[in-house]
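Order of the sequence lines fixes the chain letters, A, B, ..., with proteins taken first and strands second; residue numbering starts at 1 for each chain.
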Protein chains: 4
Amino acid sequence: MDSPGLDDLDEPGDDRHHRRHHTLYHRIAGGSVERLAAISDGIFAVTLTLLVLDLKVPVLDEVHRQVPMWHAGALNAESALWHALLKVGPSALAFALSFLTLGMFWVGQQTQLNHCVRSNRELTWLHLAFLLGVSFMPFSTALLAEYMTFRLALVVYWLNLLLLGLLLLAALRYAERAGLLREDRDPEMRRSAERRIVIAQSLYFAGVLLGVWNTYVGIGFIVLLQLNSAIAPKIHPLDKF
Amino acid sequence: MDSPGLDDLDEPGDDRHHRRHHTLYHRIAGGSVERLAAISDGIFAVTLTLLVLDLKVPVLDEVHRQVPMWHAGALNAESALWHALLKVGPSALAFALSFLTLGMFWVGQQTQLNHCVRSNRELTWLHLAFLLGVSFMPFSTALLAEYMTFRLALVVYWLNLLLLGLLLLAALRYAERAGLLREDRDPEMRRSAERRIVIAQSLYFAGVLLGVWNTYVGIGFIVLLQLNSAIAPKIHPLDKF
Amino acid sequence: MDSPGLDDLDEPGDDRHHRRHHTLYHRIAGGSVERLAAISDGIFAVTLTLLVLDLKVPVLDEVHRQVPMWHAGALNAESALWHALLKVGPSALAFALSFLTLGMFWVGQQTQLNHCVRSNRELTWLHLAFLLGVSFMPFSTALLAEYMTFRLALVVYWLNLLLLGLLLLAALRYAERAGLLREDRDPEMRRSAERRIVIAQSLYFAGVLLGVWNTYVGIGFIVLLQLNSAIAPKIHPLDKF
Amino acid sequence: MDSPGLDDLDEPGDDRHHRRHHTLYHRIAGGSVERLAAISDGIFAVTLTLLVLDLKVPVLDEVHRQVPMWHAGALNAESALWHALLKVGPSALAFALSFLTLGMFWVGQQTQLNHCVRSNRELTWLHLAFLLGVSFMPFSTALLAEYMTFRLALVVYWLNLLLLGLLLLAALRYAERAGLLREDRDPEMRRSAERRIVIAQSLYFAGVLLGVWNTYVGIGFIVLLQLNSAIAPKIHPLDKF
């Protein structure tokens, strides 16, 4: 890793009329895209792992309730375990959705960071706010998984997704305006990434509207859209936008 | 770290008839093998650490049940602690197995990523799905440790291993087909890695079949195989395949 | 990553009269700034994610107490969920504060590490002590969130912040004295970073003094200062110092 | 990060009479020191953070037992909180010890990895076994903190430290024998690092012997030694060995 950070000293769009030591700190602070990528990977890794762990607790609780422990493998005990596993299946839907969604946001954020030559204090804070939203996902997912028929749980979940999208959009626009993007990038790129965020957010919103009528239908709709965009991005017409 | 991602713009095997901005996003998204390696290391690190933590809770519970706390070190209290530690020993088997297995999959995945010059959206999602399987391991391990005599628990555990193997195989084949592997690699390499995955999976399957008869024997068989392949890879005849 | 560590052998300011093997180990141990940055990112990532998870537990507990589970989305159940979410809002203040603060310290530490050409054993231990302080933040935050009207909880929280500031300051001064900073850095830089730490710490102290009178006012004051410095660093007069 | 792994193909000390595809996989598997360093940093980061979190639970439990919650800051409630914090102080000793020890082992392992030009399958597994030992530390620490007067708890803790030392020693010797160390390293280096491990382990053993007589004295002795070696490595006579 080529130690970055000092190259930032000749940041072009900087306000030269500021008091010297103030600007000095601000010009350097948060200058390394690599460190930003590293803490993002760390937070995504912990969040994704804990997301799945969250699923483990209700499953094992359900199993404990139905299956007397250390009970030698009699057939009816086996089938109790089987039913316990099946019963928690539906709420696993919310976790699968969150894993897909976070994966998608991770891909989106890393693509964006790959296009930045350097970072600065403002961009760093936009991404930290984005990561705060990421680390809220296990919470809103657990809320949705437990209160799946409550519209408020769906709305909280949607607000989390909306926040993630808006912050990614804000970071992209800020990076462009502040001249932090690579020189050799295609100018079309930013609009393409923006369009993608807007479309994803519109579809989340449609899912929420469907969910006001029936939450299961709303969530199932979003899961299918995510799977479509993750697994078969070249087949479906929606991706053409 | 040389910021990658834009080199992907001239990805050769790409479909040029697509609509422009669509392809643009897809060509870049998930282009960095380094970020993929970083999030993989993060998820493996969290999973491996939590795996061992999961072992801690039942051990301490067992100890608490048998040893009155803050009891000055009288000899019978010491021996109660000793027996408590011994009693949880067997279920530690499942955790040792999972640590070995995850270590093996980590080595396998990093070897594979070392051979990729770059990634793309599809390969990224195959690896994210693999990581989803990785983060399920603490769950299936805990299920197996608690319900060790249940065939269903063993089957769930085996399905998790099977999923990991299949996804690693799929990622390898996809990377070859999409031309993402290094130019200078030995063509024999891919088949060698594939053969290894198939052999490991066959042995897991044999372990499960043994486990239908007696789960302890089945698990013990797999543990021995893993230890063999981790510790003494050049001695045993099985590794010659 | 260019494998570092051996260049450290010709560390200039080293005491040559030491016994050979002693000095040898010490000269190399902890030589890599990259590894120090990596473990810092890891600890910050885990701490930030767990910080938010800590918030999840009381919220879900509160919700469980007020909302009968699996209750189909009747309007009064929805409003019970709504009130449960609102009720835990205030204690979310402490978590938001800690996220902002840790983000700020992360930016500060990474800026500092960006200016080091290499590390040594002493600098590594100063940063490890700093990271110990970082990993205490979820504890002091939880204490503050639960006992928000207790002066002692505020003092414990403040001591944690003070420790972080002092260690960062000590690391900076040590790095300068030991000649570990880059050659081409601006000599003004260190004083600028120091001034920033001192100002932040003075403001924390003012917040604690306010908190002796009324803890809510004290915490609110610090949150506003942090938001000011994170979001709008170029507008407010306080940042001119 | 320059993608490594293929350079390993011409590993010199390799047995050429092996069956081809077998050797091929083994030559490449686990070839990257960077990935090994990355997963080590991840596991250390998670372990260190969770270590401190483990301390949080008993402290908050103790506080909850003594202080009626949401009790406005009356003076006697404040002093109850104060006493609750003081009471858990002693068991914090075990956690401080583990943090120091893990920090020391992290420095030791990173120093060792800095001297390796590449890794191979065997070295990777030695380090993975070392990391398994690392992730056991929160368990043996919690056991020691709760049963501080039990000799068995101290012995379990010591066995964990011994395991870590032995594996680090084994990894160092293996790396030297297999020709994985850098060419330009000082030949004295390996013996210096070995001597250090042996001395640390002897002192741990002395601490355990003291602990058979009185556990508090034994633990206090080790903590002082660790602090000595972390904070003031150039003052005390013990470091001269």
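- At a 4.5 Å heavy-atom cutoff, the contact between A:L50 and chain C is made by side-chain atoms alone.
- At least one side-chain heavy atom of A:R35 sits under 4.5 Å from a side-chain heavy atom of C:Q109.
- Shortest non-hydrogen contact noted between A:L128 and C:F99 is O-CE2, 3.6 Å.
- Note that CH2 of C:W106 and CG of A:L131 are 8.5 Å apart. Values are rounded to the nearest 0.5 Å.
- In terms of heavy-atom proximity, C:A45 sits nearest to A:G42 at CB-C, 3.6 Å.
- The CD1 atom of A:I39 lies 8.5 Å from the CD atom of C:Q110; values are rounded to the nearest 0.5 Å.
- The part of A:V156 that comes within reach of chain C is its side chain, from C-beta onward, which places non-hydrogen atoms under 4.5 angstrom from that chain.
- Considering C:V46, C:D41, C:L48 as possible partners of A:I43, the one that fulfils the side chain to side chain contact (heavy atoms under 4.5 Å, CB included) test is C:L48.
- Heavy-atom distances place the side chain of C:L113, and not its backbone, under 4.5 Å from chain A.
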